[in-house]
Amino acid sequence: MTLNPFLCIDLSISDSLRSVRKSVLIYETIIEFRKIFIKCSLPLLYLFMERYEHSKFVPISNFIKGLKKDIDAVENAVVSPLSNGFIEGINNRTKMIKRVMYGRCGIDLLSAKIILPYAKNG
């Protein structure tokens, strides 16, 4: 009994194609989701959720379930021009400074490192 070397190649190509199809699906899903925010459109949001709710790709269907659990916040994020990105950036920077300086200094130096970049020159 001999093994067909092309059989192994066909399986690896098949696996590769399956992986590429998943990558394309993820890419298309991301682009479609971003369009919802660009156009600030609630109808597009609901069409998106309806389209991908029963997706065979489990991470996408789980993402839709998460959107539905917190639909009020998602709707507000779509239609509101406001963003908490600036505050999240400050929080991230503050936590990073805290981690770097852990056990190395007192509260005076820590507060100076946090506040100094935001102080006005003058």
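Just so we're clear, the structure is a prediction, and the values are computed from it rather than from any experiment.
Using a 4.5 Å cut-off between side-chain heavy atoms of Ile, Leu, Val, Met, Phe, Trp and Tyr, V20 falls into a hydrophobic cluster with V24.
A search for side-chain hydrogen bond (donor to acceptor under 3.5 Å, both in side chains) contacts involving R51 returns E32, not counting sequence neighbours. Applying the ring pair (Phe, Tyr, Trp, His ring centres under 6.0 Å) rule to F48 yields the partners F33, Y52; only residues at least two apart in sequence or on another chain are considered.
Linking ILVMFWY side-chain heavy atoms closer than 4.5 Å, directly or via other members, places I64 and I30 in a single hydrophobic cluster.
Atom CZ in R34 sits 10.5 Å away from atom CZ in F37 (nearest 0.5 Å). One finds the CG atom of L44 at 9.5 Å from the NZ atom of K35 (value rounded to the nearest 0.5 Å). Here the CD1 atom belonging to I115 is positioned 9.5 Å from the OG1 atom belonging to T94, to the nearest 0.5 angstrom.
Each salt bridge (charged side-chain N to carboxylate O under 4.0 Å, His left out) pair with one or both residues in residues 81-91, not counting sequence neighbours, would appear here, but there are none. Note on residues 53-67: pairs passing salt bridge (charged side-chain N to carboxylate O under 4.0 Å, His left out), not counting sequence neighbours, are E53-K68. Pairs engaging residues 69-81 under the side-chain hydrogen bond (donor to acceptor under 3.5 Å, both in side chains) rule: Y46-E75 [sequence neighbours left out].
The two residues M49 and I71 have their closest heavy-atom pair at CE-CD1, 3.6 Å. Nearest approach of I36 to L45, heavy atoms of both residues: CD1-CA, 3.7 Å.
Residues F57 and I26 form a side-chain contact, since some pair of their non-hydrogen atoms from C-beta on lies under 4.5 Å apart.
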